[in-house]
Each structure stands twice: as C-alpha cells, then as structure tokens.
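Just so we're on the same page: letters track the sequence lines, and every chain starts at 1. The shown structure was predicted, so the numbers you read here are calculated from the model rather than taken from an experiment.
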Protein chains: 2
Amino acid sequence: MMNIFIYGVGKRYRCQMSTKNKILDAAEKLFAIQGFNGTSLREITSQAEVNLAAVNYHFGSKKELIKSVMSRYMNELSPRLELSLVNICEQEDLTLLEVFSAFIDPLLSLNEFKENGTSNFLQLLGRGYSDSQGFLRWFLTTQYPGVINNFVKAVQKAYPELTAEEMFWRLHFTMGTVVFTMSSSDALIDIAKSDFDKKMDIAGVIKKVIPYVAAGVAAPLL
Amino acid sequence: MMNIFIYGVGKRYRCQMSTKNKILDAAEKLFAIQGFNGTSLREITSQAEVNLAAVNYHFGSKKELIKSVMSRYMNELSPRLELSLVNICEQEDLTLLEVFSAFIDPLLSLNEFKENGTSNFLQLLGRGYSDSQGFLRWFLTTQYPGVINNFVKAVQKAYPELTAEEMFWRLHFTMGTVVFTMSSSDALIDIAKSDFDKKMDIAGVIKKVIPYVAAGVAAPLL
DNA sequence: GCCTAGTTTAAACAAGCGTTTGAAATAACG
DNA sequence: CGTTATTTCAAACGCTTGTTTAAACTAGGC
C-alpha cells in the first residue's frame, strides 16, 4: 500500500517505501535505545507493525538492516561534514576549538532530516562502537573515509606540532568521549535535569562536549 | 579437590576455592574480551573446565557472577584509590593533572594482584558501561561511593571555578574517554604497533590518556 | 561404616533468537 | 480478464541462551 514510483531510463520500477521505511524507522529508534545486540527482529517488526519475515525479505539479514540504518544517516551527514571541514580548513590561524565546532551544524542539520535525527544518529554511532564487535567500525571507516581524512587534515593544520602517533591516540580518545556520551545521553540529560534543574537537549550536550575534546586534543605534549 | 579451610568461631567451614575461582578467572578473561552479553555461560564453564551448572550453583545467576567478577577487583582497588586521592588532596596548589595521575599507581597495582589485572579490570569497566543497560553502572556507583566522592573533592580543589553542573558533564566525558579507550585498548595497541612500530601496553595507554582528560576537564569555561 | 552435608554431573527445560519456507494476497502489465 | 511478478503472512526450523532437575559422587564427623 502507498507505493511510489521511480521512472528510470524508459523502464518503470516499482518500489514500496512503506514497509521498508517502517522497518528502518522502528529499527533506528530501538537500536538507539537498546543497542543492536539488545534489539530483536521481533521487537522491530512488531513496533513497525509489519511481519517478522519482512526484515529478511527486504534487507536480507539483521546485519544488513543495521548497515542500512546507519547508511541512511551517513549519506546525509558525510557530504555536509566534509564540506564544513574543508571550509574551516581554508581559514588561517585555525584553532582546535574551531575545528571541532565545524561538526556542530552538520550534526544538528540531521534534526531537519528526521525528528530526533541528531540524537538518534549519535546514539547509534555509540552503539556501533560497543556492540557488534567492531564490524560497524570497519563499515564506517571504509565506507566513509573522506570525513576522517578531512578531519585529520584540519587537526593537523590547527596543531602542527602534534605527532601522527599522538594524534592517533587523541582522536581515539575523542571518539570515545563522544560515542560514550551520546550512547547514554538520554540518561545524562535526565540526571542533569533532576540534579541541576537544567533543561538540556542533544544540541546542548554537543556544545558542552566540544570544548572538552578540543582542550583534550590541544593538551601540551609532555 | 584442593580444598582450603577457614576456621571460624569453633566451627569448621569447608569451602572449595577451586571451582569458584576457576569460574571467576575464566569469566573475567572472556568478559573483558567479548563483553558480558557476548559471553555465554557455556563458554565460561568449558574454558574453566567445570560443569555448566556450577555457575548457578555457586553464584546463583549470571548477573551475580558479573557482580562477583567486578567486586573482586573493586574491593582490591577502591581502598588504594581512595587513599591516593585523599593524599593528593592534602597537597597545596593542586593541578588537575596531579589529580588524575593519582589513579596511575592504584590502577597499575592490580597487575600485582593478578596477571593482566589492570587491563582486564579497565576493559571490564568499559564493558559494564556499554553492555547490560547500566545495571553495572548502578552497582558500582552505589557500592563504591567513596571513590567518587573523594575524586570529586580533589577535582574541586584543583579547579574551584568549575561549577557543579559543568563538573558533572566533564566527569562523564572523562568516564567515556577512559571506558571506551579501555574496552578497545587491545585493538588500539595493535594498530599503534603496526602503524607506528611503537610497542605499547596498558600502562602506556593510561599515561597517554591522563594528559588528555586532565586538559579536557581543565578546559576554560566559556 | 553409616549418615549427612556439600559438590559435581548429565540431561532436560522453557524461552528467545535469526532465518527459511510455501502458500496466500496483492499489485502490475499485456 | 488473465498472467506474472512482487509482497505479505503464519508457521516452523534449527540453534543458542540461562536456568533447573534429580541422580551420582565426595568427603567429614560420629
């Protein structure tokens, strides 16, 4: 039901978006909250109100579904992020705080792409690095190398004294900070609200974490 | 076989350490590598060369086994860590780098307690925060509040301008950095070796991460 | 040597998982 | 309309999980 059509070169392809997208949406939400391993296909299909077998019919396997969920965001994010990093890189007297701030707008733009998009994506990213013994880590670094390369280039320009090895470690520390924070961001936001009576959202968390990681990467070499 | 005896008040209790400890040792290693959810009781018991039912007989459930594995380390670590933090707190002109450096010796002392103790414990800690939807987080913060309190006190002394709310966030960022780094430290050490031909161990990683988190927490307030 | 409490064992249990099947339903096209 | 391709569906598959059972085995105390 509710099919849309895509007209190709003379040929007419049919593709139903309903079921496939209902699965993607339900999976995205549940994966973000419970992790990939912690979410079963039965949970996903019942939340999406589709048949259990639909996942394997449309995506082939659970692993491919996970990839599809991530790709939907990465395809949206990565060009904007690369552009933002390239732009910032042209600037002279570049600071690390500026480099990391280049992530803010592209990340927040995911909220226009989809409701709670930024939060969901970052949580998914966090899950991907802790669940599923690193296959998602491999998937992202091989499928989207442009982001990483431009990011490294920008950091190098802002902090030329940083050796390649030290950069390697500090970027992984940064990854850890972000990924961990985001995968438990809902809980942290709740605690901050009850303890400090401060309303906070994902944009607020991003703006808090960026000075932290920028200072961490900028730490003096011993 | 190989039982040891504990003499109580007149009564004589028997307790075999062999099976129970074999399970704890095997579980610890497997949990650290594969995570809690990723490790089955059958893997543990076959590695420990004991019967499958032994886990439920000696520990009651898998959840209690996880707690026991963590407690074995926390009971060793927490008094040393508290002492170290209290000591550093008495010092004047305290820097954040010194506060975080107070973790080094207590953490590395776990290597004397058990082979690969430091590495195993930190990896377990990392797993505990990503697997098992936060029940271990609850367990640790409620069972060992002294460590956290003394740590917060030390950070406050070293950086008095830091508000309670900002401290809350930055300490969570720090937790994320450490936990994420440690749960994938084996992989990172391997990459560092192949990419930079630098031999690294867990002590080396700790000494790299501490300047990073110290600088992150020390970041200027905007 | 018997009795008792503690421990180990093999086997089964019930529940959940991802995946596959083959028939029914639906939509597309000549 | 009739044929064909696509999509849905209920049911089952084979496997793994944590946990339980009840019988076998072990050793200490009298």
Side-chain angles (χ1 to χ4, degrees), chain A residues 1-24 26-27 30-31 34-69 127 131-133 135-136, chain B residues 1-24 26-27 30-31 34-69 127 131-133 135-136:
Chain A
M1 42 176 77
M2 225 267 282
N3 297 350
I4 71 164
F5 297 91
I6 301 171
Y7 295 88
V9 274
K11 216 167 175 305
R12 193 187 205 184
Y13 299 96
R14 173 179 42 179
C15 75
Q16 54 17 296
M17 306 292 335
S18 187
T19 302
K20 216 167 168 177
N21 272 0
K22 278 198 284 184
I23 292 173
L24 282 172
L30 290 167
F31 283 156
Q34 310 178 335
F36 300 113
N37 294 334
T39 304
S40 69
L41 294 184
R42 283 167 178 81
E43 281 183 273
I44 294 170
T45 51
S46 78
Q47 167 116 9
E49 295 178 305
V50 300
N51 188 274
L52 169 61
V55 171
N56 287 280
Y57 176 75
H58 285 286
F59 297 94
S61 68
K62 185 181 180 181
K63 214 167 198 168
E64 288 299 320
L65 171 62
I66 294 174
K67 281 196 205 171
S68 297
V69 169
R127 299 298 182 179
D131 288 7
S132 66
Q133 64 261 11
F135 106 88
L136 203 68
Chain B
M1 40 177 79
M2 226 268 279
N3 298 348
I4 71 163
F5 297 91
I6 301 171
Y7 296 89
V9 274
K11 219 167 172 306
R12 194 186 204 185
Y13 299 97
R14 173 179 40 180
C15 74
Q16 54 18 294
M17 306 294 331
S18 188
T19 302
K20 214 167 170 177
N21 273 359
K22 277 199 285 185
I23 293 174
L24 281 172
L30 290 168
F31 282 155
Q34 311 179 335
F36 299 113
N37 294 335
T39 304
S40 68
L41 295 185
R42 282 167 178 80
E43 282 183 271
I44 293 170
T45 51
S46 78
Q47 166 116 10
E49 294 178 307
V50 301
N51 188 274
L52 168 62
V55 170
N56 288 279
Y57 176 76
H58 286 287
F59 297 94
S61 68
K62 185 182 180 182
K63 212 167 199 169
E64 288 299 320
L65 171 63
I66 295 175
K67 282 195 204 172
S68 297
V69 170
R127 299 297 183 179
D131 287 7
S132 68
Q133 63 264 9
F135 106 88
L136 204 69

(Q) Working to the nearest 0.5 angstrom, can you tell me the gap between F31(A) CZ and L65(A) CG? (A) 4.5 Å

Q | Point-to-point distance, once rounded to the nearest 0.5 Å, from OG of S68(B) to NE2 of H58(B) | A |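 It comes to 12.0 Å.
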
Atom pairs, protein N/O to nucleotides 22-24 of chain C N/O, distance under 3.5 Å:
none

[X]: side-chain contact (heavy atoms from CB on, under 4.5 Å) partners, not counting sequence neighbours:
X: A26(A); result: I44(A), Q47(A), A48(A)
X: L52(A); result: L41(A), R42(A), T45(A)
X: S46(B); result: none
X: Q34(B); result: L30(B), T39(B), E43(B)

Between [N] ([atom2]) and [X] ([atom1]): distance, integer Å:
X: Y57(A); N: dA5(D); atom1: OH; atom2: P; result: 13 Å
X: L41(B); N: dG18(D); atom1: CG; atom2: P; result: 4 Å
X: I44(A); N: dT19(C); atom1: CD1; atom2: C1'; result: 14 Å
X: L65(B); N: dG18(D); atom1: CG; atom2: C1'; result: 12 Å
X: E64(A); N: dG18(C); atom1: CD; atom2: C1'; result: 14 Å
X: K62(A); N: dG16(C); atom1: NZ; atom2: P; result: 15 Å
X: N21(B); N: dT7(C); atom1: CG; atom2: C1'; result: 16 Å
X: K20(B); N: dG6(C); atom1: NZ; atom2: C1'; result: 13 Å

Q. If only side-chain N and O atoms of H58(B) are considered, is one of them under 4.0 Å from the OP1 or OP2 phosphate oxygen of dT8(C)?
A.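 Yes.
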
Q) Think T19(B) has a side-chain N or O under 4.0 angstrom from the OP1 or OP2 of dT7(C)? A)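 Answer is no, no contact under 4.0 Å.
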
Q | Contact summary for V50(B) and A54(B), nearest pair of heavy atoms | A |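 Minimum heavy-atom contact is CG2-CB, 4.2 Å.
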
Q: Taking salt bridge (charged side-chain N to carboxylate O under 4.0 Å, His left out) as the test, write out the residues that go with K67(B), two or more places apart.
A: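 For K67(B) the salt bridge (charged side-chain N to carboxylate O under 4.0 Å, His left out) partners, ignoring immediate neighbours, are E64(B).
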
(Q) Between L24(B) and F59(B), is the side chain to side chain contact (heavy atoms under 4.5 Å, CB included) condition met? List the steps. (A) CA-CA 10 Å; L24(B) 281 172; F59(B) 297 94; 3.8 Å; yes

Q. Nearest nucleotide by nearest heavy atom, which residue falls closer to the 5' end of DNA chain C, G60(A) or G38(A)?
A. G38(A)

Q: May I ask you to say what T45(A) touches in the nucleic acid, namely base, sugar-phosphate or nothing, with a heavy-atom cut-off under 4.0 Å?
A: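 The answer is nothing, as T45(A) stays clear of every strand by at least 4.0 Å.
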
Would you list the protein and nucleotides 9-16 of chain D atom pairs, both N or O, that sit under 3.5 Å from each other?
residue	atom	partner	partner atom	Å
dA10(D)	N7	N51(A)	ND2	3.4

